[in-house]
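Have a look at the structure below before the remarks.
Read the numbers this way: they start at 1 and go in the same order the structure lists the ligands and their atoms.
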Amino acid sequence: MTLTFEEFSRRADALRARIAAACAAVGRAPDDVELLAVTKTHPVAAADFAARYGLRGVGENRVQEAVEKRAQTSAPLRWELIGHLQSNKARLAAQHFDRIQSVDSEKLLRHLDRAAAELGRKLPVLLQINAGDDPAKFGADLADAPRLLDAALACAHLQIDGFMTIAPLGADAAETAAHAARTFANLRTLRDDLAARTGRPFRELSMGMTGDLEAAVAAGSTIVRVGTALYGERPTQAA
Ligand SMILES: *Cc1c(COP(=O)(O)O)cnc(C)c1O
């Protein structure tokens, strides 16, 4: 990574200004939205920059990569998994992550609950919902979300903080923007419905990335997951 901390700080300042403007536009307080630095594919220095700047957490999409990086730093960071998790890696993930944002099946819930029980911890999770009906994305279908939530609430060792989604890309900027607005509104409505039905807040709505964070903040996002605007383009890899 050729990025210096000074350049990183300038980018993070600019990003925080973007988030603050998006909040102001809809009458929200800027502190309502956490900036999660997405460090996937970047060296551990990327996480160290985030901590030194004062960010609370980093997002990684592969368990093994995160385990290796986390072992190389003592920076006070929360490590969150934002990528697809296979059940056979649930135990490793429960051991090494502070929160798992990508829980999308009852099978995975069972594996994580058992792993957390064995580790003697209560593991915070978000349920990933395919709120934009994207055939290329992981996440439970909107229609299946209530059942997935019921299963999650029955897991004694999991703490359900809220929901996560990724908006589908469109053929052009206008279509991408329309998909983002629809996807984020869907997740917000789902959360509000499920919160009303269960009487629990499910405060966290993890939605919005470099390209669509304004739309996400307008729809109620509480966590934006940003990589490119902080660290630059990634070498191509499967998302
Ligand atoms: C890579 C990734 C991000 C960050 O995307 P950018 O466009 O680089 O900001 C956010 N969320 C998830 C789930 C990702 O995999």
| Under 4.0 Å to a heavy atom of Arg225 - the qualifying atoms of ligand 1, by number | 4 (C), 9 (O), 10 (C), 11 (N), 12 (C), 13 (C)
| query | Taking atom 12 (C) of ligand 1 as the point of reference, which of Ile82, Leu213, Leu230, Asp212 owns the nearest heavy atom? | reply | Ile82
| message | Minimum distance, heavy atoms only, to atom 1 (C) of ligand 1: which one of Met207, Glu80, Lys40 is it? | response | Lys40
| message | In the structure I gave you, are the side-chain heavy atoms of Val217 and Glu214 within less than 4.5 Å of one another anywhere? | response | no
| message | Tell me the closest heavy-atom pair linking Val224 and Met207, and the distance in Å. | response | CG1-O, 3.6 Å
| remark: Under 4.0 Å from one or more heavy atoms of Thr228, ligand 1 contributes atoms 6 (P), 7 (O), 8 (O), 9 (O)
| remark: CG of Asn130 to CG of Leu187, rounded to nearest 0.5 Å, is 10.5 Å
| Is the Phe8 to Tyr231 ring centre distance short of 6.0 Å? | yes
| Hey, are Glu60 and Lys40 close enough for a salt bridge, meaning a charged N less than 4.0 Å from a carboxylate O? | no
| Where ligand 1 meets Ile166 - atom numbers and elements under 4.0 angstrom, heavy-atom basis | 13 (C)
| query | Do Thr183 and Pro168 come close enough that some side-chain heavy atom pair is under 4.5 Å? | reply | yes
| query | Does some non-hydrogen atom of Gln101 fall short of 4.0 Å from ligand 1? | reply | no
| said: Yes or no: does Asn61 have any heavy atom under 4.0 Å from an atom of ligand 1? | reply: no
| task | Evaluate whether atom CZ of Arg121 has more than 12 neighbouring non-hydrogen atoms of other residues, nucleotides or ligands under 6.0 angstrom away. | result | yes
| query | Which of the numbered atoms in ligand 1 are below 4.0 angstrom from a heavy atom of Val226? | reply | 9 (O)
| query | For ligand 1, which atoms, with element, lie under 4.0 Å from some heavy atom of Gly227? | reply | 4 (C), 6 (P), 8 (O), 9 (O)
